[in-house]
Structure formats: C-alpha cells, structure tokens
Chemist: 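Handing you a structure now.
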Amino acid sequence: MRRAVYPGSYDPVTNGHLDIIERAAEVFDEVVIAVMINKNKSTLFTVEERVEMLRDVTAHRPNVRVDSWYGLLVQYCEKNGIRAIVKGMRAISDFDYELQMAQMNQQLSGIDTLFMPTSPAYSFLSSSLVKEVAKYGGDVSHLLPPQIHQRLLQRLAETA
C-alpha cells in the first residue's frame, strides 16, 4: 500500500490545503493528514477542533485519514509505516526551508518528501493570512470550505 502523510497546523484548513489533499489522494492509496502539535505556536483552534474540521471536509474521501502528532514527523511515519511525506509548495520562498527539512527527514529516517506545487489559484494562500484578513472584516469565504468559514467567523467573534 502506498501511504503518505501530509503534515501541517491547519489553523484553519483552507482550500489550498484541500487542493493538495485531493490531489495526493489520487496518487496514494492512503493519505494521513497529520495535525502537528507545536506548543510554541499560538493557534486559534484547538488540536481537537482542527482534527474535527479536517475530518468533516475530507469525509467524502475514504482513503484520507486525520490524526494528530506531537514530536518529530519521521517518528510518526516510522510508527505508522508511512514512507512518504507530501508537502505543498506555494512559492519559491517555501522551497529553501522545506528542502532543508526534507533532507533532514531523509537523513534521519530514509523517508522521502514529495513536493506538490499548489494550484496557481491558491499560491498566495495561508491560514495565517486568512485569519488576519477575516479578523479585520475582509471576505475570505471563497478561500475556505463553507463550514470552516462559519467556524472561523464564530471563533473570531468569540475572541474579539
């Protein structure tokens, strides 16, 4: 079975993330979306909420599974028998950091990283940017699945 992991914080999941998930699900027998836990990073949604949102928006894909992990991604891969990491690439600015990470992961574990270019329609998109624009009243509805957009607006109203 060809299995891959697609790691990220997904705070919140965007249409750009879903683009990579959908395309990876066509290539691999199973794609595990790993919500990575970084205790040094401030997030709008809890890990449990992010996992729930991802399960909701990927429920139509039987070969996509959602999990969470704290620690090295390669340890997760080794524990779960996953041999490939999928990373979305928005712009050349992503490449330097992601290449270093891919080389370190390969050195540590032999696990390869496959870079998938984001569709041009989403090349500018990040969760951080979506949150900032929405916080100041900008319309981000076309950048998120409808149910995620509603949750984002609700959470921003709660924290205002």
Side-chain angles (χ1 to χ4, degrees), residues 3-70 73 76-77 82 84-102 105 113-160:
R3 302 174 74 216
V5 64
Y6 179 42
S9 58
Y10 305 104
D11 187 45
V13 60
T14 69
N15 287 340
H17 293 127
L18 292 176
D19 171 58
I20 298 294
I21 293 165
E22 290 291 334
R23 291 166 48 213
E26 291 295 322
V27 174
F28 293 96
D29 297 319
E30 181 181 50
V31 175
V32 179
I33 304 166
V35 177
M36 301 301 289
I37 302 166
N38 182 344
K39 296 184 184 203
N40 296 323
K41 194 172 185 179
S42 176
T43 59
L44 190 59
F45 295 97
T46 67
V47 172
E48 295 79 15
E49 289 170 324
R50 289 179 275 153
V51 166
E52 177 189 327
M53 288 187 285
L54 280 157
R55 285 182 177 150
D56 182 33
V57 297
T58 61
H60 66 285
R61 280 281 186 185
N63 66 328
V64 172
R65 184 168 62 86
V66 183
D67 202 356
S68 62
W69 182 255
Y70 175 76
L73 179 61
Y76 180 86
C77 292
I82 296 172
I85 299 167
V86 171
K87 296 294 276 196
M89 301 295 286
R90 294 174 296 201
I92 196 70
S93 57
D94 289 343
F95 187 74
D96 286 337
Y97 174 77
E98 294 298 347
L99 179 61
Q100 288 178 333
M101 186 65 69
N105 287 338
T113 300
L114 295 118
F115 297 126
M116 187 172 281
T118 304
S119 295
Y122 306 119
S123 63
F124 67 93
L125 187 54
S126 72
S127 295
S128 298
L129 185 58
V130 165
K131 288 185 290 191
E132 186 168 344
V133 170
K135 178 180 175 182
Y136 292 104
D139 180 14
V140 296
S141 60
H142 59 292
L143 304 174
L144 304 164
Q147 64 271 46
I148 304 304
H149 181 245
Q150 288 306 310
R151 287 186 76 159
L152 175 62
L153 294 180
Q154 180 181 358
R155 180 56 49 88
L156 289 173
E158 293 168 1
T159 60

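Note that this is a predicted model, so its numbers are computed, not measured.
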Chemist: Are V86 and V31 close enough that some pair of their side-chain heavy atoms sits under 4.5 Å apart?
Modeler: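 No; the side chains remain at least 4.5 Å from each other.
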
Chemist: Checking the side chain of R90 only, and the main-chain atoms of T118 only, is there a donor and an acceptor separated by less than 3.5 Å?
Modeler: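 Not a single qualifying donor-acceptor pair exists.
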
Chemist: Determine which pairs satisfy salt bridge (charged side-chain N to carboxylate O under 4.0 Å, His left out) with at least one residue from residues 19-28, sequence neighbours left out, and list them in order.
Modeler: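 Passing the test, one end in residues 19-28: D19-R23, E22-R61, E26-R61.
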
Chemist: Just by distance, do the side chain of D11 and the backbone of L44 share a donor-acceptor pair under 3.5 Å?
Modeler: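 Such a contact is found between D11 side chain and L44 backbone.
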
Chemist: Quick check: do P12 and K131 have side-chain heavy atoms less than 4.5 Å from each other?
Modeler: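 Sidechains of K131 and P12: in contact.
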
Chemist: Which pair of heavy atoms, one from V47 and one from S68, lies closest together, and at what distance?
Modeler: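 Smallest interatomic distance, heavy atoms only, reads CG1-CB, 3.6 Å.
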
Chemist: Identify the heavy atoms of I85 and P7 that sit nearest to each other, and give their distance.
Modeler: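 Minimum heavy-atom contact is CG2-CD, 3.9 Å.
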
Chemist: Got a donor-acceptor contact below 3.5 angstrom from the T14 side chain to the G16 backbone?
Modeler: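 A pair under 3.5 Å: yes.
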
Chemist: If we only count heavy atoms from C-beta on, is the E49 to R151 side-chain gap below 4.5 Å?
Modeler: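 Sidechains of R151 and E49: in contact.
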
Chemist: Between R50 (side chain) and F45 (backbone), is there a donor-acceptor pair under 3.5 Å?
Modeler: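 Yes; judged by distance alone, with no hydrogens or angles, the pair exists.
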
Chemist: Are H149 and V140 packed together at the side-chain level, in the sense that at least one heavy-atom pair is separated by less than 4.5 angstrom?
Modeler: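 Yes. Closest side-chain heavy atoms under 4.5 Å.
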
Chemist: Does the pair R155/E158 count as a salt bridge with the N-to-O cut at 4.0 Å?
Modeler: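 E158 and R155: salt-bridged.
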
Chemist: Check the surroundings of atom CD in Q147: do more than 12 heavy atoms from other residues, nucleotides or ligands lie under 6.0 Å from it?
Modeler: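 Correct, the count exceeds 12.
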
Chemist: Is H17 close to S127 at the side-chain level, that is, under 4.5 Å between some pair of heavy atoms?
Modeler: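 In contact.
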
Chemist: Is V64 close to L54 at the side-chain level, that is, under 4.5 Å between some pair of heavy atoms?
Modeler: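 No - every pair of side-chain heavy atoms lies 4.5 Å or more apart.
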
Chemist: Is there a side-chain contact between F28 and L114 in this structure, where contact means two heavy atoms from C-beta onward sitting under 4.5 Å apart?
Modeler: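 Yes, their side chains come closer than 4.5 Å.
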
Chemist: Check whether any side-chain heavy atom of L18 sits under 4.5 Å from a side-chain heavy atom of T58, and report yes or no.
Modeler: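 L18 vs T58: side chains touch.
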
Chemist: Taking atom OG1 of T43 and atom OH of Y10, what is their separation to the nearest 0.5 Å?
Modeler: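 Going from OG1 on T43 over to OH on Y10, the span is 14.5 Å.
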
Chemist: Output, in order, the C-alpha distance, side-chain angles, deciding distance and verdict of side chain to side chain contact (heavy atoms under 4.5 Å, CB included) for S9 and N38.
Modeler: CA-CA 8 Å; S9 58; N38 182 344; over 6 Å; no

Chemist: Is it true that a side-chain atom of S119 and a backbone atom of Y122 form a donor plus acceptor pair closer than 3.5 Å?
Modeler: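 The answer is no, because no donor-acceptor pair under 3.5 Å joins these two groups.
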
Chemist: In Å, rounded to the nearest 0.5 Å, how long is the span from CG of N15 to CD1 of I148?
Modeler: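 So the CG of N15 and the CD1 of I148 are separated by 9.5 Å.
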
Chemist: Output the distance between atom CG (L143) and atom CG (L152), rounded to the nearest 0.5 Å.
Modeler: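 If I round to the nearest 0.5 Å, the distance is 10.5 Å.
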
Chemist: Test Y76 against every option in Y70, Y6, W69 by the ring pair (Phe, Tyr, Trp, His ring centres under 6.0 Å) rule and name the one that passes.
Modeler: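 One option only clears the test, and that one is W69.
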
Chemist: How far does NZ of K135 sit from CG of L153, to the nearest 0.5 angstrom?
Modeler: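 With rounding to 0.5 Å, NZ (K135) is 14.5 Å from CG (L153).
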
Chemist: Checking the side chain of R65 only, and the main-chain atoms of E30 only, is there a donor and an acceptor separated by less than 3.5 Å?
Modeler: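 Checking the backbone N and O of E30 against the side chain of R65, no donor-acceptor pair under 3.5 Å is found.
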
